[in-house]
Number of protein chains: 2
Amino acid sequence: MATSDNKDARATKTRRRTRIQREKETLILDAALDVFSAQGFAGATVDELAAAAGMSKPNLLYYFAHKEDVYSALLDRQVDDWTVPLQEIREDGEPLEELRGYIRRKLELSRMRPRESRLYAMEIIQGAPRLKSALDGQIYALVREKSAVIKGWMDSGRIASVDATHLIFAIWATTQHYADFAVQVRAITGTDTESTFATALKTLEVLFLDGLRIRDG
Amino acid sequence: MATSDNKDARATKTRRRTRIQREKETLILDAALDVFSAQGFAGATVDELAAAAGMSKPNLLYYFAHKEDVYSALLDRQVDDWTVPLQEIREDGEPLEELRGYIRRKLELSRMRPRESRLYAMEIIQGAPRLKSALDGQIYALVREKSAVIKGWMDSGRIASVDATHLIFAIWATTQHYADFAVQVRAITGTDTESTFATALKTLEVLFLDGLRIRDG
DNA sequence: GTCTATAAAGAGATAGAC
DNA sequence: GTCTATCTCTTTATAGAC
């Protein structure tokens with residue numbers, strides 16, 4: 001293990017990068033996202049990664065010493081982006097509007113970055129071996145924080161009371177569904193995704209917002 | 001390809017089975033469900049399948065000539081079970097009660113058979129290469145049929161109007177989430193799954209049923 | 001930095017004894 | 001039906017020339 005430290009240091013995060021190195025790494029990661037999100041970590045080969053990035057296999061391994069390093073780099077990047085919509089919920093906003101915005105941002109993320117969503121989903125489904133620390137750390141803390149905010153709204157009677165954490169789960173599940181199960185959605189709706197996301201947004205707004213709106217009757 | 005037909009015929013569905021054959025096959029499939037649902041098709045090895053089933057590799061391959069055959073057998077079995085809760089929706093029932101029952105059955109399936117759910121989810125995420133025909137066939141037809149039933153309820157003013165197909169997607173997504181993302185749910189809620197499903201059911205009932213209930217005010 | 005060639009290990013599947 | 005031994009092909013990763 002110690003014998004490969006020099007090589008690993010060159011090809012991973014510990015070293016300062018030149019501009020061209022960063023460009024190549026970005027190129028590789030974007031190509032790898034295609035491959036990994038479609039086939040999972042084990043289903044992808046370094047040959048395929050290299051072909052997708054338009055370079056030879058040893059060349060790719062010059063930038064990322066191990067297939068695993070490419071995959072981990074993608075996952076790390078994803079965790080941050082993925083939690084942004086939730087971070088943006090503001091305690092001092094109007095509750096239903098804050099939730100509407102959250103649903104919209106999360107659905108937009110599914111629309112614009114389905115590959116990232118699928119990559120993340122597969123990792124979680126397989127037990128999240130590489131995300132355990134993020135789950136127990138930043139993701140746990142963020143959800144706890146925002147759950148408390150939503151619970152505050154409920155406790156002051158501004159929206160209906162449900163378990164706030166499970167409400168977040170429901171928003172995650174429904175919005176990510178359109179990225180993760182895109183093949184199934186397409187097979188069933190027939191349409192291409194043009195109108196799908198518009199219909200999805202309207203449906204989710206009715207379910208979540210009308211479900212949580214305080215009733216007159 | 002033609003040269004392996006005799007072998008394949010013995011080890012796959014085309015042949016009538018003895019009792020002991022069926023028992024061994026069931027044993028293998030149950031063990032394989034553990035392995036495939038945790039690692040995906042590509043991530044699992046025949047060695048691991050055999051070890052999980054408590055037999056040698058050649059012995060497993062005596063019953064299923066190819067790794068792929070084990071996997072396909074699992075998937076086939078899953079599609080049927082998985083669509084049962086939706087099939088049981090009855091047009092002549094009370095709409096909100098029918099939907100409540102559907103949510104409950106689907107959530108119960110996530111609770112009792114999380115491995116099957118994860119196996120199916122990974123297959124869909126990866127583009128459903130082996131489920132394309134089921135998606136375009138029986139699943140498509142069933143969802144269309146039940147969407148029409150739900151739309152009928154909406155058109156006659158018995159529940160609020162949303163896109164019925166996307167309502168089904170939302171129920172799928174939220175209920176399966178507890179099986180597919182179990183690791184994440186556990187990391188965030190802290191609790192073990194005892195109370196999780198009870199809280200989930202209450203939350204989903206509020207969201208879906210209150211969201212769809214026709215309002216007095 | 002990039003390539004060709006190749007080492008080394010892994011994994012699906014088979015041969016053939018029992 | 002089940003096993004040990006093994007074949008063969010794939011795949012990760014490295015060596016070393018340019």
Side-chain angles (χ1 to χ4, degrees), chain A residues 1-12 15-29 31-32 35-36 38-74 130, chain B residues 1-12 15-29 31-32 34-36 38-74 129-130:
Chain A
M1 193 171 270
T3 57
S4 65
D5 277 355
N6 289 340
K7 171 74 178 289
D8 286 358
R10 187 196 65 218
T12 51
R15 187 184 183 281
R16 194 159 301 172
R17 286 166 173 73
T18 66
R19 186 181 56 83
I20 199 161
Q21 275 178 328
R22 275 195 306 275
E23 283 174 5
K24 286 279 187 181
E25 285 170 10
T26 302
L27 174 72
I28 292 169
L29 288 175
V35 180
F36 281 133
Q39 311 181 227
F41 176 75
T45 69
V46 178
D47 266 323
E48 290 169 326
L49 296 177
M55 62 181 68
S56 70
K57 182 165 48 175
N59 198 185
L60 185 146
L61 291 170
Y62 173 80
Y63 291 100
F64 293 88
H66 307 276
K67 172 186 169 184
E68 172 88 33
D69 295 341
V70 184
Y71 186 77
S72 294
L74 279 176
R130 302 168 185 83
Chain B
M1 196 169 270
T3 57
S4 65
D5 277 356
N6 287 339
K7 171 74 176 290
D8 286 359
R10 187 198 63 219
T12 51
R15 186 183 182 282
R16 194 159 302 169
R17 287 166 171 74
T18 66
R19 184 182 56 85
I20 199 162
Q21 276 178 327
R22 276 196 304 276
E23 284 174 4
K24 286 279 188 181
E25 286 170 9
T26 301
L27 174 72
I28 291 169
L29 288 175
D34 269 339
V35 179
F36 281 132
Q39 311 181 226
F41 175 76
T45 69
V46 178
D47 268 320
E48 291 169 327
L49 296 178
M55 63 180 66
S56 70
K57 181 164 54 171
N59 198 186
L60 185 145
L61 290 170
Y62 173 80
Y63 290 100
F64 293 89
H66 308 276
K67 171 186 169 184
E68 171 87 34
D69 294 340
V70 184
Y71 187 76
S72 294
L74 281 177
R130 301 169 185 84

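Numbered from 1 within each chain, the chains take letters A, B, ... in sequence-line order. Worth saying up front: this structure is predicted, and the values here are computed from it rather than measured.
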Undergrad: If I take atom CG in residue B/Asp47 and atom P in nucleotide D/dC3, what distance separates them, rounded to the nearest angstrom?
TA: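 After rounding, the gap between these two atoms is 13 Å.
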Undergrad: Rounding to a whole Å, what distance do you find between A/Ile20:CD1 and C/dG1:C1'?
TA: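 Taking atom C1' of C/dG1 as the reference, CD1 of A/Ile20 is at 8 Å.
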Undergrad: To the side chain of A/Lys67, which of D/dT2, D/dA13, C/dT2 is closest?
TA: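 Ranking D/dT2, D/dA13, C/dT2 by closest atom to the A/Lys67 side chain puts D/dA13 first.
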Undergrad: So what does A/Ala50 touch, heavy atoms closer than 4.0 Å: a base, only the sugar-phosphate, or nothing?
TA: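 No contact.
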Undergrad: Would you kindly give the CG-to-C1' distance between B/Leu61 and D/dC7, to the nearest whole Å?
TA: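 In whole Å, D/dC7 C1' lies 14 Å from B/Leu61 CG.
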Undergrad: Looking at A/His66, I'd like to know whether one of its side-chain N or O atoms comes within less than 4.0 Å of OP1 or OP2 on D/dT12.
TA: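 No, A/His66 has no side-chain N/O under 4.0 Å of OP1/OP2 on D/dT12.
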Undergrad: Counting side-chain heavy atoms from CB outward, which of C/dA13, D/dA5, C/dG1 is closest to A/Tyr63?
TA: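 Looking only at side-chain atoms, A/Tyr63 lies closest to C/dG1.
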Undergrad: I need the CZ-P distance between B/Arg17 and D/dG1, as an integer number of Å.
TA: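 In whole Å, D/dG1 P lies 11 Å from B/Arg17 CZ.
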Undergrad: Are any side-chain N or O atoms of B/Lys67 and backbone N or O atoms of B/Ala44, one a donor and one an acceptor, separated by less than 3.5 Å?
TA: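 Here the side-chain-to-backbone pair exists.
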Undergrad: May I ask you to verify if any side-chain N or O of A/Asn59 is less than 4.0 angstrom from the OP1 or OP2 atom of C/dG1?
TA: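 The answer is no; no side-chain N or O of A/Asn59 sits under 4.0 Å from OP1 or OP2.
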Undergrad: Reckon A/Ala44 touches a base, only the sugar-phosphate, or nothing at all at heavy-atom distances under 4.0 Å?
TA: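 If one applies the 4.0 Å heavy-atom cut-off, A/Ala44 turns out to touch the sugar-phosphate alone, with no base involved.
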Undergrad: How long is the line joining CZ of A/Arg19 and P of C/dG1, in whole Å?
TA: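 One finds 11 Å between P of C/dG1 and CZ of A/Arg19, rounded.
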Undergrad: Using whole Å, report how far CD of A/Glu23 lies from C1' of C/dG1.
TA: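 To the nearest whole Å, that distance equals 14 Å.
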Undergrad: Quick one: B/Lys57 NZ to D/dT8 C1', roughly how many Å, whole number?
TA: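 That distance rounds to 12 Å.
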Undergrad: Ignoring the backbone of B/Val46, work out which of C/dG1, D/dT11, C/dG12 is nearest its side chain.
TA: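 Minimum distance to the B/Val46 side chain belongs to C/dG12.
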Undergrad: Can you check whether A/Lys24 reaches A/Leu60 side chain to side chain, under 4.5 Å on heavy atoms?
TA: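 A/Lys24 does not reach A/Leu60 side chain to side chain.
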Undergrad: What integer distance in Å separates B/Phe64:CZ from C/dG12:C1'?
TA: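 The answer, rounded to whole Å, is 16 Å.
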Undergrad: Classify the angle between the aromatic ring planes of A/Phe41 and A/Phe36 as parallel (below 30°), tilted (30 to 60°) or perpendicular (above 60°).
TA: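 Rings of A/Phe41 and A/Phe36: parallel, under 30°.
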Undergrad: In terms of the nearest nucleotide of DNA chain D, which residue is placed more toward the 5' end: A/Pro58 or B/Gly54?
TA: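 Between the two, 5'-proximity favours B/Gly54.
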Undergrad: Counting the atoms with a prime plus P, OP1 and OP2 as sugar-phosphate, which does A/Lys24 contact under 4.0 Å by heavy atoms, base, sugar-phosphate, or nothing?
TA: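 Result for A/Lys24 = sugar-phosphate.
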Undergrad: Just wondering, do A/Met55 and A/Leu27 contact through their side chains at under 4.5 Å, heavy atoms?
TA: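 Yes; the side chains approach each other to less than 4.5 Å.
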Undergrad: Under 4.0 Å from OP1 or OP2 of C/dC3: is there any side-chain N or O of A/Ser56 that close?
TA: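 Answer is yes, contact under 4.0 Å.
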Undergrad: Taking the side chain of A/Gln21 as heavy atoms from C-beta outward, which of C/dG1, D/dG1, C/dA13 is closest to it?
TA: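 From the listed options, C/dG1 comes nearest.
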Undergrad: Under 3.5 Å, is there a donor-acceptor pair between the side chain of A/Arg22 and the main chain of A/Arg17?
TA: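 Answer holds: yes.
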Undergrad: Would you please confirm or rule out a distance under 4.0 Å between OP1 or OP2 of D/dT2 and any side-chain N or O of B/Tyr62?
TA: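 No, outside the criterion.
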